[in-house]
Amino acid sequence: MNVIKKIRNFVKNISNVFSFLLSIYRSGGYSKPLISQINYNNILNGKRILITGGSSGIGFEIAKKFISQGGIVLITGRNKNKLEEASKKINSDRLFYLEWDVSDISIINDNLMKSKDLLGGNIDVLINNAGVLLKQDFFSLSEDVWEKTYSTNSKSVFFLSKELSKFWIKRKIQGKIINISSTSGYCGSIIPYGMTKWDIIGFTEGLGKKLYPYGIIVNGIAPGRTATEMLNRKGNENIYDPMTSAKRYCLPEEVAELAMFLISDAANFIVGQTIVCDGGYIARS
Ligand SMILES: NC(=O)c1ccc[n+]([C@@H]2O[C@H](COP(=O)([O-])OP(=O)(O)OC[C@H]3O[C@@H](n4cnc5c(N)ncnc54)[C@H](OP(=O)(O)O)[C@@H]3O)[C@@H](O)[C@H]2O)c1
């Protein structure tokens, strides 16, 4: 029995070493994750936060961070199983989820009411994070891919921000909005993904100026290539990426850390800005 166990362990170790070497071969190098997190001493205590697309990747890590700092968080997504799984992983009685396809703008007001009920009060912070990266090529692009990309990545951000800020202004709530764009929004683009991300940067700047007089603060984040499902990167054992100066992918935890700073009062004089977090991917030399 003991011998069988030893053989099993040996095979397991060998296959772990093999998949580690394979990851180095596939990505062309090795880079260790470096995560440093700040404790904000529960400053989100009592704050109600809506994160679109929080069932995986960046939205999931933002939810985790905000929960760890006392927030009451609602994550959304199209896939109920993914939401359930995310909720199990975070395992907090301050985390709620709602099945919500943000590309359907006709359900925004109903779902804002459902969100308020689930969170037990008015939303204080909106993170417009849901996004899709569909297979797309300039010469063969179909209208369907265009529509799906625009309705999820851009149209939803506009209409959700519009409805929620109207509600906030009426009730004199000084909310905060963070829009998740991308470094693609800072580079020329001939595919809808990159173009929607340009939209978001411009919209963030315009909305930041429009809403600041009402005490509502709007900013954005442009992550670089981040190790999430969107880029088929699960887990972060080897995050080597030759495309950045840092020689590694961004981690969703790092984007969450920036989101935490941006919704803190320490960032109250930053208005309409989209902060790039990309390990030097788009920096010019
Ligand atoms: N990963 C990167 O390299 C990278 C870089 C820059 C910016 N970003 C941006 O960061 C955001 C998050 O991406 P990620 O990397 O974390 O990808 P991800 O792991 O694929 O997460 C995307 C999230 O959005 C949800 N979602 C997609 N379409 C939706 C819809 N119509 N309605 C509601 N939820 C929807 C997904 O859940 P369901 O599938 O269940 O709906 C999931 O929770 C996106 O806006 C993305 O463009 C990512």
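Remember, it's 1-based here, ligands and their atoms both numbered in the order they're listed. Please read all numbers here as calculations on a predicted model, not as lab measurements.
Listed by number with element, the atoms of ligand 1 under 4.0 Å from a non-hydrogen atom of Pro223 are 5 (C), 6 (C), 7 (C).
Contacts between Asp101 and ligand 1, counted as non-hydrogen atom pairs separated by less than 4.0 Å, involve both the backbone and the side chain. Of the heavy atoms in Arg225, only backbone atoms (N, CA, C, O) come closer than 4.0 Å to ligand 1. Heavy atoms of Thr152 found under 4.0 angstrom from ligand 1 belong exclusively to the side chain. Proximity of Ile58 to ligand 1, defined as any heavy-atom pair under 4.0 Å, is shared by backbone and side chain alike. Counting heavy atoms under 4.0 Å from ligand 1, residue Leu231 touches it through the side chain alone.
For Thr52, the heavy-atom gap to ligand 1 stays at 4.0 angstrom or more. Heavy atoms of Ala222 stay at 4.0 angstrom or farther from ligand 1. Under a 4.0 angstrom heavy-atom cut-off, Tyr193 registers as being in contact with ligand 1. Under a 4.0 Å heavy-atom criterion, Ser151 is not in contact with ligand 1.
Partners of Phe158 according to the ring pair (Phe, Tyr, Trp, His ring centres under 6.0 Å) rule, which considers only residues two or more places apart in sequence or in another chain, are Phe203.
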Only pairs under 3.5 Å count here: list side-chain donor-acceptor contacts from residues 126-139, not counting sequence neighbours, and write none if there are none.
unit_1	atom_1	unit_2	atom_2	d
Asn128	ND2	Ser161	OG	3.1
Asn128	ND2	Asn179	OD1	2.8
Asn129	ND2	Thr52	O	3.0
Asn129	ND2	Gly53	O	2.7
Gln136	OE1	Tyr193	N	2.8
Gln136	NE2	Leu134	O	2.7
Asp137	OD2	Phe139	N	3.4
Asp137	OD2	Ser140	N	3.1
Asp137	OD2	Ser140	OG	2.9

Take Tyr249 and Tyr240 through the side-chain contact (heavy atoms from CB on, under 4.5 Å) test and state the conclusion after the steps. CA-CA 6 Å; Tyr249 279 83; Tyr240 181 77; over 6 Å; no

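Salt-bridge check for Arg78 with Asp104: failed, with every basic side-chain N at 4.0 Å or more from each acidic carboxylate O.
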